[in-house]
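To start, the structure under review is shown below, and the notes come after it.
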Amino acid sequence: MSLKLFNTMSGKKEEFIPQKEKQVGMYVCGVTVYDYCHVGHARAAIVFDTLYRYLQYLGNDVCFIRNFTDIDDKIINRANEEGIDWQEVNRKYIEAFHQDMGKLNIASPTEEPKATDHIPQMLEMIQSLVDQDKAYESGGDVFYSIKSFKDYGCLSGKNIDDLQSGARVEVNDTKKDPLDFALWKKSKPGEPSWESPWGPGRPGWHIECSAMSKKYLGDTFDIHGGGKDLVFPHHENEIAQSCGCTGKQPVRYWVHNGFVNIDKEKMSKSLGNFFTLRDVYKKYHPEVLRLFLISSQYRSPIDFSKKNLEDATKVMTRFYEGLAGANEKLKDLDTNSISDFQDKVKEHTLTKGFKTAMNDDLNTAVVMAQLNEGLRNINSALNNEDGLEDFAVYTHAWINVGKVIGLFSRTPEQFETELFAIKNKNLNLDVKKIEQLIANRNAARRSKNWAEADRCRDELTAMGVLTEDTANSTEWKIK
RNA sequence: GGCACCGUCGCCAAGUGGUAAGGCCGAGGUCUGCAAAAUCUCUACCGGCGGUUCGAAUCCGCCCGGUGCCUCCA
């Protein structure tokens with residue numbers, strides 16, 4: 001039983017075997033930092049965070065690199081729009097990235113390199129390509145000559161003739177071939193620029209990933225990830241550059257995540273149908289978003305909708321309530337007193353089932369089903385007096401499964417509090433009044449004045465409050 | 001136009017050769033003063049038509065419907 005990953009290059013699920021045993025090099029395309037992240041960015045981040053966590057769980061030492069693209073037309077435009085320095089734009093949106101992704105429990109990669117910190121490495125690669133006649137200078141720009149790379153199109157399954165007949169490539173007289181792409185762009189006056197053998201300019205988009213992955217992970221590394229939209233041209237161009245430069249295939253497994261859709265259409269900036277994470281967090285808990293985004297397999301498209309997020313909220317709430325119940329039941333148990341506790345957890349059928357699902361190209365949808373079944377078993381056992389040790393093993397196995405896929409990042413109390421704050425934002429409930437009504441109702445219940453008790457509850461219901469009577473108290477929450 | 005992918009219960013979503021996981025919603029039972037929560041039970045022959053096979057949601061062909069990439073994009 002071993003991990004299989006769908007490799008875009010072969011179009012098949014392949015057994016994942018790292019170059020060096022138990023050591024994995026993984027590079028994932030991050031974001032261009034000129035705006036707040038949206039749900040699509042979150043999906044990519046979550047998918048590769050989940051892969052990162054799982055690889056580590058399997059005992060690998062993972063060197064995980066996720067870059068920031070911090071120089072680009074959009075950044076320069078944004079700087080002009082906001083009347084601030086382009087580096088200020090970067091600073092602002094990198095900080096926002098960390099805030100917004102942090103709420104999703106995205107672990108920090110090993111390194112988060114920025115393009116502009118690697119200009120020398122990029123220049124070196126470009127020079128090498130020019131020296132090999134695989135790139136040429138033209139009026140201060142430097143282009144990669146795709147004709148020099150016979151395998152161009154191998155990742156995306158395109159052939160050069162089809163691409164040209166598509167006629168959607170930029171018309172540019174300075175290029176020898178319309179499909180050639182920029183390695184180095186001559187800077188316009190007033191734009192940020194770096195010195196180069198071809199005059200002042202800035203790097204093209206694709207070269208940064210080739211240069212940084214090479215620097216941090218070597219000429220050939222294990223996994224390169226990103227959204228499906230990066231397959232062509234970005235990753236195709238990366239292959240061309242890196243192969244051209246080193247003569248080696250840079251990547252052994254190409255992994256791409258599917259899109260987040262709105263009404264079956266790709267969420268994108270250009271269509272304007274995107275939701276920033278900041279907007280989403282106003283209505284839904286970040287962990288709910290994470291759960292939603294891993295509730296289908298990472299390569300499938302996933303439709304972002306109110307209904308789906310509400311469903312996910314219900315599931316996440318049930319998980320945490322079950323967890324709270326289990327914690328309560330286990331609070332006096334010292335798991336260290338259970339012999340071979342960790343081994344029992346590790347060898348539990350729940351854990352094994354989880355690995356089987358994850359090994360099949362990270363089938364987190366199946367893991368969700370397993371967590372739901374696990375929850376049902378936990379809830380069933382909650383009022384059961386015996387088998388506490390077995391229950392502890394089971395519960396810990398269940399929690400571990402959730403944690404490996406990045407769930408249960410809060411305590412049940414934290415989750416409840418945070419969820420309450422989100423739900424209460426629009427309701428603005430008067431907590432004192434609610435507690436008074438509950439006290440009144442319980443007084444009525446004690447004197448068996450059911451009519452009055454029901455009247456109090458109806459009033460609460462009308463406010464959007466749900467009551468749950470327990471043995472000697474009444475819990476309440478927002479519906 | 002070229003190249004991919006997708007179409008499974010009302011909704012979401014696994015399953016890729018042996019008679020359909022899970023979640024939401026719905027119906028009924030247990031529990032409860034009644035509820036709620038929890039739990040139990042019930043609810044699909046898999047877009048259509050052919051073909052291969054002892055056997056297909058799963059393979060092949062055609063058709064219908066949808067999406068993506070071919071320009072920046074996670």
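Sequence lines set the chain letters: A, B, ... in the order given, protein chains first and strands last, and positions in each chain run from 1.
- At the heavy-atom level, K228(A) lies nowhere under 4.0 Å from the strands shown.
- The partner of A4(B), taking Watson-Crick or G-U wobble pairs whose two distances both stay under 3.5 Å, is U67(B).
- A13(B) and C9(B): their P atoms are spaced 11 Å apart (whole Å).
- Using a 4.0 Å heavy-atom criterion, one finds that K269(A) contacts no nucleic acid atom at all.
- Contact annotation for T467(A): base contact, defined as any heavy-atom pair under 4.0 Å involving a base atom.
- Closest to the R318(A) side chain, of the nucleotides C72(B), A38(B), A74(B), is A38(B).
- If you take CG of N379(A) and P of G23(B), they are 12 Å apart, rounded to a whole angstrom.
- Per the geometry, CD belonging to E236(A) stands 12 Å off C1' belonging to C3(B), to the nearest Å.
- Of the listed nucleotides (G15(B), A74(B), C24(B)), A74(B) has the atom at the smallest distance from the side chain of A44(A).
- A straight line from CE of M316(A) to P of G22(B) spans 20 Å, rounded to a whole angstrom.
- Across all strands shown, C72(B) remains unpaired; no Watson-Crick or G-U wobble contact has both distances below 3.5 Å.
- With A74(B), G68(B), U39(B) as the candidates, the nucleotide lying closest to the side chain of E265(A) is G68(B).
- For the residue pair R318(A)/N379(A), the side-chain donor-acceptor check at 3.5 Å is not satisfied.
- A20(B) makes up no base pair with any nucleotide shown, lacking Watson-Crick or G-U wobble contacts both under 3.5 Å.
- Between F232(A) and S156(A), it is S156(A) whose nearest contact on RNA chain B lies nearer the 5' terminus.
- When each of V315(A) and E321(A) is assigned the nucleotide of RNA chain B with its nearest heavy atom, V315(A) is the one assigned upstream, toward the 5' end.
- Among the atoms of the strands shown, none is found under 4.0 Å from any heavy atom of T470(A).
- A straight line from CZ of F292(A) to P of G23(B) spans 18 Å, rounded to a whole angstrom.
- Ranking C72(B), G33(B), A21(B) by closeness to the E373(A) side chain, first place goes to A21(B).
- Side-chain N/O atoms of S268(A) include none lying less than 4.0 angstrom from OP1 or OP2 on G68(B).
- Considering every non-hydrogen atom in both E236(A) and L155(A), the closest pair reads OE2-N, 3.1 Å.
- No hydrogens or angles considered: a donor-acceptor pair under 3.5 Å links the side chains of N7(A) and E14(A).
- Put simply, the side chain of R43(A) and the base of A74(B) share no donor and acceptor less than 3.5 Å apart.
- Of the candidates C69(B), G33(B), G22(B), C69(B) carries the atom nearest the F259(A) side chain, counting heavy atoms from C-beta on.
- Side-chain proximity of K158(A) to the nucleotides C11(B), G33(B), C69(B) is greatest for C69(B).
- Each of C11(B), C72(B), C69(B) was ranked by its minimum atom distance to the side chain of K307(A); first place goes to C11(B).
- A donor-acceptor contact under 3.5 angstrom links the side-chain atoms of D469(A) to the base of C34(B).
- Judged purely by distance below 3.5 Å, without hydrogens or angles, the side chains of D72(A) and T32(A) never pair a donor atom with an acceptor atom.
- With P as the reference atom, U39(B) and G47(B) are 32 Å apart, rounded to whole Å.
- Within 4.0 Å (heavy atoms only), V260(A) reaches at least one base atom of the nucleic acid.
- The separation between L293(A) atom CG and A13(B) atom P is 12 Å, rounded to whole Å.
- Rounding to whole angstrom units, CZ of residue F304(A) and C1' of A13(B) are separated by 18 Å.
- Across A36(B), G33(B), C40(B), the shortest atom-to-atom separation from the side chain of L466(A) is found for A36(B).
- Atom CD1 of I294(A) is separated from atom C1' of G22(B) by 14 Å (rounded to the nearest Å).
- Counting any heavy atom pair closer than 4.0 Å across all strands shown, N308(A) reaches sugar-phosphate atoms only and no base atom.
- Distance from the side chain of E468(A) is smallest for A36(B) among the nucleotides A74(B), U39(B), A36(B).
- Among the heavy atoms of the strands lying under 4.0 Å from Q297(A) are primed sugar atoms or P, OP1, OP2 only; no base atom is included.
- Contact annotation for N257(A): base contact, defined as any heavy-atom pair under 4.0 Å involving a base atom.
- With a 6.0 Å radius and a threshold of 12 heavy atoms from other residues, nucleotides or ligands, K283(A) has its NZ atom at or below the threshold.
- Residue G258(A) is in base contact, counting any heavy-atom pair closer than 4.0 Å across all strands shown.
- A donor N or O paired with an acceptor N or O is found under 3.5 Å between the base of G33(B) and the side-chain atoms of D454(A).
- Taking the P atom of each, A20(B) and A35(B) are spaced 36 Å apart, rounded to whole Å.
- Comparing A44(B) with A57(B), their P atoms sit 16 Å apart, to the nearest whole Å.
- Look at U58(B): it lacks any Watson-Crick or wobble partner with both distances under 3.5 angstrom.
- Taking side-chain N and O atoms only, R299(A) has no distance below 4.0 Å to OP1 or OP2 of C6(B).
- Separating the P atom of C62(B) from that of C25(B) is a span of 43 Å, rounded to the nearest Å.
- Taking the ring centroids of Y93(A) and H98(A), they lie at or beyond the 6.0 Å cut-off.
- Closest approach of A107(A) to D49(A), counting heavy atoms only: N-OD1, 2.8 Å.
- Pairing of U53(B), defined by two Watson-Crick or G-U wobble distances under 3.5 Å, is not identified with any nucleotide.
- U43(B) sits 33 Å from G51(B) when the C1' atoms are compared, rounded to a whole Å.
- Rounded to whole Å, the C1' atom of A56(B) lies 35 Å from the corresponding atom of G1(B).
- Between W476(A) and F420(A), the gap from one ring centroid to the other is short of 6.0 Å.
- Counting non-hydrogen atoms under 4.0 angstrom, H256(A) reaches nothing in the nucleic acid.
- Looking at heavy-atom distances under 4.0 Å, N363(A) makes contact with sugar-phosphate atoms alone, never a base.
- For C9(B), there is no paired base (Watson-Crick or G-U wobble, both distances below 3.5 Å).
- A distance of about 33 Å separates the C1' atoms of C54(B) and C42(B), rounded to the whole Å.
- In this structure, H224(A) has its ring center closer than 6.0 angstrom to the ring center of Y27(A).
- Under 3.5 Å, the side chains of H235(A) and H256(A) contain a donor-acceptor pair of N or O atoms.
- Residue R376(A) has its side chain nearest to C40(B) when only A74(B), C40(B), A38(B) are considered.
- When Watson-Crick and G-U wobble pairs are counted only if both distances are under 3.5 Å, C45(B) pairs with no nucleotide at all.
- At G65(B), none of the side-chain N or O atoms of K264(A) fall inside 4.0 Å of OP1 or OP2 (strictly under the cut-off).
- Using a 4.0 Å heavy-atom cutoff across all strands shown, G40(A) reaches at least one base atom of the nucleic acid.
- R441(A) comes within 4.0 angstrom of a base, heavy atoms only.
- When both distances must be under 3.5 Å, the Watson-Crick or G-U wobble mate of U39(B) is G29(B).
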